[in-house]
Amino acid sequence: MKLEEVLAPADRRPADARPVWLVQADGLEKHGALDDTARQWIDRNGFKAGAGEVLLLPRGDGGLAGAVLGLGDGGDPFVAGALARKLPEGDWYFEGGANTDLRLASLGFLLGAYRFGRYRKQAGKQPRLILDASLDHDEIAAFARASWLARDLVNTPANDLGPDEIEAAARDVARDRDMTVEVIKGADLLEQNFPLIHAVGRASVSAPRLIDMRWGKPDAPRLTLVGKGVAFDTGGLDIKPASGMRNMKKDMGGAANVLALASLIVDMKLDVRLRVLIPAVENAIAGDAFRPGDIFPSRKGLTVEIGNTDAEGRLILADALTCADEEKPDMLIDMATLTGAARVALGPDVPPFYSTDDAFADALASASLQEHDPLWRMPLWAPYAKGLNSSVADLCNVTTDGMAGSVTAALFLQRFVTETSSWAHFDIFAWSLSAKPHAQVGGEAQGIRAMLVALKHRYGTA
C-alpha cells in the first residue's frame with residue numbers, strides 16, 4: 001500500500017468529502033456542531049464517545065452525512081487510527097472538536113491505515129483523509145511515511161530481509177535523497193579493523209557488513225546515527241529457546257528506526273552533516289560461529305570476552321560506535337533492540353534512553369510528550385560497570401548477576417564513545433505486542449518523532 005492511497009493531496013477537498021466530528025465522552029451533550037437529527041441518532045445507537053468508538057451518521061436520502069469519533073477522556077489523540085478500519089471508503093476530513101490536536105489525530109489516522117500486505121492480498125479500498133488546511137501536509141506525510149518504512153522493514157521475515165536486503169533498503173533510502181553509500185563487507189571488515197562485526201556475522205551465508213551513509217553540507221554540525229542491524233538472532237551457540245527466537249526477525253529494529261529517522265532528517269532538511277552507520281549481520285549457528293569464552297579485539301583496541309553469544313548486538317555496535325566517535329560528531333545517537341531487561345523495566349511501549357547530554361535529554365522528554373511518542377530516561381549508573389569486568393580481557397560483554405541489564409548494556413556501549421560529548425542510546429522494542437487504534441501487532445517505529453522534533457529544535461533547518 002502507498003501513503004497516497006489514504007492521504008489526499010493537499011490542495012483540494014472534493015465536494016463529496018464527509019466530515020468526522022471528534023467528541024470527548026464528557027463533551028458529547030454540549031457539542032455544538034451536532035444538529036438535533038445527529039443527536040437523536042447518537043442516542044438511539046447508545047454512542048458514548050468511548051476511545052476509538054465510531055458511529056456513522058445517516059443522511060435523509062440514504063447516504064452518509066458523516067461520522068462521529070469518540071475520544072474517551074481525550075488523552076490519546078491516536079485513537080483516530082480506529083477510523084482507518086471503521087470508515088467506509090471515500091474522502092473524509094476532521095471537523096474538529098474542543099481541545100483536539102488535529103495534527104496528532106491526523107497522524108493517528110495515517111498510522112492506523114498502515115497494512116503490511118507483502119504476503120497476502122489486502123481487502124478493498126480504504127478511507128482517505130483530507131488534512132485540515134491549517135496543518136503542514138508535508139510534515140505529517142513525512143512522519144507517516146517514516147513510520148511505515150520502519151514497520152515494513154521490521155515486519156519482513158529474515159528469509160527476505162537478511163544483511164543483503166538491509167543494505168538494499170539503505171540504498172533505497174539513500175537513492176531517493178541524494179545520500180552517498182559505502183559498504184565494508186566480509187573479510188574487508190577485518191582488513192579495515194571491524195573485528196567484532198565480523199565475528200558476530202561470520203557464520204551466516206550472508207556476509208556481515210558495515211553500511212555507511214552520508215548527507216548534507218560538509219560544514220554543517222555533524223550528527224551521526226548508528227542502528228543495530230541483526231537480521232535474525234538465533235542467540236548463536238547460546239541458542240535462544242523457540243519462544244525467544246520466534247520474533248527475532250525484529251532484531252534489526254534499530255537499523256529500521258535509524259533509516260526512518262534519517263529519512264525524516266533529510267526530508268525536513270535539518271541543518272546537519274548526517275552520517276548513518278548500520279552494522280548488518282545475522283547471528284547464525286555454523287562451524288565458524290563465535291563461541292562463549294572467545295576473546296576478540298575491538299576497533300577501539302579493547303579486548304572483549306564473550307560471556308554470552310546472545311549479547312551480540314552490543315558487540316557490533318561497539319565497532320560502529322568507535323568508528324562514529326573517531327570523527328568527534330556534535331551528536332551521536334544509537335538505536336537498538338538490545339535487552340529484554342528494558343522491557344521488564346518499562347514494558348514494550350516505553351523505550352528507555354540513556355544520554356550524556358542533559359540538555360538534549362530534557363528536550364527529548366518534552367518532545368516525547370508533545371508528539372505522544374513515549375520515551376523515558378534511565379541512568380548511566382557508573383558503579384554497575386564493574387559487573388562487566390573480565391579476568392582475562394579488558395571487559396566482558398555481559399554481567400554474571402543478571403541485574404540492571406539495560407543499564408549495563410548502555411555502560412558497555414559507553415566504553416566505546418570517548419571523543420563525543422553528546423551521546424544518546426535508545427534501547428527500543430520496535431514491536432507492538434497488542435493491537436491499538438493506530439498500530440497493528442507487529443513492527444513499530446519508536447522514538448523517531450520525538451527525536452526529530454528535539455533535533456530540529458537543536459539544529460534548525462537548512
For this session: For Ser355, enumerate each residue passing the side-chain contact (heavy atoms from CB on, under 4.5 Å) test, keeping only those at least two apart in sequence or located in another chain.
Result: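 With neighbours one apart ignored, the set is Phe353, Asp357, Phe360, Ala361, Arg377, Ala424.
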
Exercise. Ala324: what forms a side-chain contact (heavy atoms from CB on, under 4.5 Å) with it, not counting sequence neighbours?
Worked result: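 With neighbours one apart ignored, the set is Thr224, Val226, Leu277, Leu332.
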
Could you tell me whether the side chain of [Y] reaches within less than 4.5 Å of the side chain of [X], counting heavy atoms only?
| X | Y | answer |
| --- | --- | --- |
| Phe426 | Leu261 | no |
| Asp132 | Tyr93 | no |
| Leu338 | Leu413 | yes |
| Asp219 | Arg273 | no |
| Leu225 | Met335 | no |
| Leu380 | Leu411 | yes |
| Thr322 | Phe194 | no |
| Arg458 | Ser422 | yes |

Exercise. Which salt bridge (Lys or Arg N to Asp or Glu O under 4.0 Å) pairs, counting each pair once, include a residue from residues 60-83, with sequence neighbours left out?
Worked result: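 Listed by first then second residue: Arg59-Asp61.
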
What is the minimum heavy-atom distance between [X] and [Y], and which atoms define it?
| X | Y | answer |
| --- | --- | --- |
| Pro208 | Ile197 | CB-O, 3.8 Å |
| Glu95 | Pro19 | OE1-CB, 3.7 Å |
| Leu69 | Val79 | CD1-O, 4.1 Å |
| Ile130 | Pro14 | CD1-CD, 3.4 Å |
| Asp319 | Leu196 | OD2-N, 2.7 Å |
| Ala144 | Leu107 | N-CD1, 3.8 Å |

Could you grab the distance from atom [atom1] of [X] to atom [atom2] of [Y], nearest 0.5 Å is fine?
| X | Y | atom1 | atom2 | answer |
| --- | --- | --- | --- | --- |
| Glu139 | Arg103 | CD | CZ | 5.5 Å |
| Leu56 | Arg18 | CG | CZ | 8.5 Å |
| Ile428 | Lys250 | CD1 | NZ | 8.0 Å |
| Tyr459 | Ile265 | OH | CD1 | 9.5 Å |
| Met213 | Arg177 | CE | CZ | 8.5 Å |
| Trp148 | Leu3 | CH2 | CG | 5.0 Å |

For this session: Check whether any side-chain N or O of His137 sits under 3.5 Å from a backbone N or O of Ala8 as a donor-acceptor pair, and report yes or no.
Result: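 Yes, His137 side chain to Ala8 backbone: donor-acceptor pair under 3.5 Å.
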
For this session: Kindly say whether Gly254 contributes a backbone atom to a donor-acceptor pair with the side chain of Thr337 at under 3.5 angstrom?
Result: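 Answer holds: no.
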
Problem set entry | side chain to side chain donor-acceptor pair (under 3.5 Å) partners of residues 151-161, not counting sequence neighbours, each pair once |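 Pairs touching residues 151-161 that pass the test: Tyr114-Asp152, Tyr114-Asn155, Tyr119-Asp160, Arg151-Glu444.
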
Below 4.0 angstrom, N of the basic side chain to O of the carboxylate: do [X] and [Y] qualify?
| X | Y | answer |
| --- | --- | --- |
| Asp164 | Arg209 | yes |
| Arg128 | Asp91 | yes |
| Glu312 | Lys228 | yes |
| Asp271 | Lys217 | yes |

For this session: Would you please test Glu419 and Arg222 for salt bridge (Lys or Arg N to Asp or Glu O under 4.0 Å) and show each step?
Result: CA-CA 13 Å; Glu419 304 301 319; Arg222 292 180 181 270; over 6 Å; no

Problem set entry | Candidate list Lys185, Arg171, Arg275, test salt bridge (Lys or Arg N to Asp or Glu O under 4.0 Å), partner Asp212, passing option |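 So, applying the salt bridge (Lys or Arg N to Asp or Glu O under 4.0 Å) to Asp212 and each of Lys185, Arg171, Arg275, only Arg275 qualifies.
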
Quiz: residues 446-455 side-chain donor-acceptor pairs under 3.5 angstrom, not counting sequence neighbours:
residue	atom	partner	partner atom	Å
Gln446	OE1	Phe429	N	2.9
Gln446	OE1	Ala430	N	2.8
Gln446	NE2	Pro348	O	3.0
Arg449	NH2	Glu371	O	3.1
Arg449	NH2	His372	O	3.1

Exercise. Around atom CD of Glu182, are there more than 12 heavy atoms of other residues, nucleotides or ligands at under 6.0 Å?
Worked result: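 No, because the 6.0 Å sphere around CD of Glu182 holds 12 heavy atoms or fewer from other groups.
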
Exercise. Would one find more than 12 heavy atoms of other residues, nucleotides or ligands at under 6.0 Å from atom CZ of Phe116?
Worked result: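 Count over threshold, so yes.
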
For this session: Please name all residues satisfying side chain to side chain donor-acceptor pair (under 3.5 Å) with Asp334, sequence neighbours left out, ordered by chain then number.
Result: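 Here the qualifying residues are Trp423, His425.
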
